[in-house]
Amino acid sequence: MKNRFIIAWLLVILVACHSEPKGWTDSYYLKTGDSLSALAFQTIRGALQTAIADSGVEKAIRFCQLNALTLTHQLNTDSIKIERLAERYRNSQNHLTDESKAVWDNYKSKLAAGDSLQPVLVHTANRVDYYKPILLQPMCLTCHGQPNSNIPASLVATIDSLYPNDLAKGFSVGELRGLWQIRFQLP
Ligand code: HEC
């Protein structure tokens with residue numbers, strides 16, 4: 001845990017100190033994107049596992065509702081914004097945008113063709129956007145799998161009461177569940 005925060009601060013300092021007018025190389029954005037998405041994922045997964053172990057899945061869902069966005073955004077800086085986006089979202093604030101939809105569609109076709117999915121960069125005039133796919137893992141099924149088989153009926157009811165417009169059930173392991181989007185604002 002301590003190490004994670006030290007790495008996070010080193011990244012923040014690294015990013016805050018970057019002053020090259022035209023931004024950095026692709027390899028800088030890919031490396032920083034990889035590190036930030038891995039850290040954000042570990043932070044959310046760690047907090048979720050602790051919440052499940054301490055008080056069970058029902059309460060962990062409520063914990064997610066209160067904290068998932070704050071945890072996602074906690075490594076943000078003035079020039080870096082981290083989001084977790086999805087086509088079939090649970091929280092509508094995580095919906096795909098027009099720009100991320102193109103990346104999403106590309107990942108979907110690659111997955112269907114059996115290709116491996118790699119992080120990508122999208123350059124625009126004043127931004128570089130890093131994207132990384134989030135694939136569904138076995139531990140995610142309890143809250144995102146098939147209702148009444150993977151997700152117990154009582155949990156389905158809790159999810160539906162907290163998220164009446166939930167679209168994020170019915171996934172299988174290995175499916176494209178979401179995207180990390182890390183947006184680097186150029187100076
Ligand atoms: C304890 C239940 C639970 C588990 C286990 C769980 N999630 Fe979620 N997940 C949620 C909830 C609740 C939200 C909505 C959070 C919010 O309101 O911001 C969510 C949101 C998400 C989102 C953001 C997009 C959206 O739908 O709003 C992604 C991506 C995601 N989960 C992926 C995963 C993956 C991958 C795993 C497994 C590694 C996982 N989840 C495990 C409950 C869970």
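For ligands, and for the atoms within them, numbers begin at 1 and follow the listed sequence.
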Look at [atom] and say which protein heavy atom is nearest, naming residue and atom and giving the distance to 0.1 Å.
atom: atom 9 (N) of ligand 1; result: His144 NE2, 3.1 Å
atom: atom 32 (C) of ligand 1; result: Arg177 CG, 3.6 Å
atom: atom 18 (O) of ligand 1; result: Asn91 ND2, 3.1 Å
atom: atom 28 (C) of ligand 1; result: Arg84 NH1, 3.4 Å
atom: atom 27 (O) of ligand 1; result: Asn94 ND2, 2.7 Å
atom: atom 12 (C) of ligand 1; result: Cys64 CB, 3.4 Å
atom: atom 42 (C) of ligand 1; result: Arg90 NH1, 3.6 Å

Ligand-residue contact atoms, ligand 1 with [X], heavy atoms, under 4.0 Å:
X: Cys143; value: 1 (C), 2 (C), 3 (C), 4 (C), 5 (C), 42 (C), 43 (C)
X: Leu69; value: 18 (O)
X: Ile134; value: 29 (C), 35 (C)
X: Tyr163; value: 12 (C), 14 (C), 15 (C), 16 (C), 17 (O)
X: Ala68; value: 15 (C), 16 (C), 18 (O)

**Report entry** Leu141-Val156 co-clustered via ILVMFWY side chain contacts under 4.5 Å
**Finding:**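 No, because Leu141 and Val156 fall into different hydrophobic clusters, even though each may have its own neighbours under 4.5 Å.
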Query raised in the report: Would a hydrophobic clustering, with Ile, Leu, Val, Met, Phe, Trp and Tyr connected at side-chain separations under 4.5 Å, put Leu75 with Phe41?
Result: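 Both belong to a single hydrophobic cluster.
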Requested in this report: From the options Tyr131, Tyr130, Tyr29, select the one residue that forms a ring-ring contact (aromatic ring centres under 6.0 Å, His included) with Phe184.
Outcome: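 Filter result, single survivor: Tyr29.
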Requested in this report: In plain terms, say whether Asp26 and Lys31 are close enough for a salt bridge, that is, a side-chain N and a carboxylate O under 4.0 Å apart.
Outcome: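 Between Lys31 and Asp26 there is no salt bridge, as every charged N stays at least 4.0 Å from the carboxylate O atoms.
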Query raised in the report: Are Arg183 and Glu99 within salt-bridge range, i.e. N to O under 4.0 Å?
Result: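 The answer is yes: the pair qualifies as a salt bridge.
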**Report entry** Heavy-atom donor-acceptor pair, Arg84 side chain to Trp180 backbone, under 3.5 Å
**Finding:**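 It does not hold such a pair.
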Requested in this report: Examine the side chains of Gln181 and Ser100 and answer whether a donor and an acceptor come within less than 3.5 Å of each other.
Outcome: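 No pair is found: no donor N or O on one side chain lies under 3.5 Å from an acceptor on the other.
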Query raised in the report: Glu83 and Thr72: side-chain donor and acceptor closer than 3.5 Å?
Result: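 The answer is no; no qualifying pair exists.
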Requested in this report: Would you mind telling me if ligand 1 is within reach of the side chain of Leu48, the backbone, both or neither, using heavy atoms under 4.0 Å?
Outcome: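 Contact part for Leu48 vs ligand 1: side chain (C-beta onward).
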Query - Crowding at NZ, Lys110 (>12 non-hydrogen neighbours, <6.0 Å) - result: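 Result for NZ/Lys110: open.
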Query raised in the report: Looking only at heavy atoms, which two atoms of Gly33 and Ile182 are closest? And how far apart?
Result: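 Heavy atoms only, the tightest pair is O-CD1, 3.5 Å.
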Report task. Could you pull out, from Cys140, Pro138, Pro133, the option with a heavy atom nearest to atom 37 (C) of ligand 1? Result ->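 Closest candidate by heavy-atom distance is Cys140.
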Query raised in the report: Counting both backbone and side chain atoms, is some N or O of Thr142 under 3.5 Å from an N or O of ligand 1?
Result: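 No; every N/O pair is 3.5 Å or more apart.
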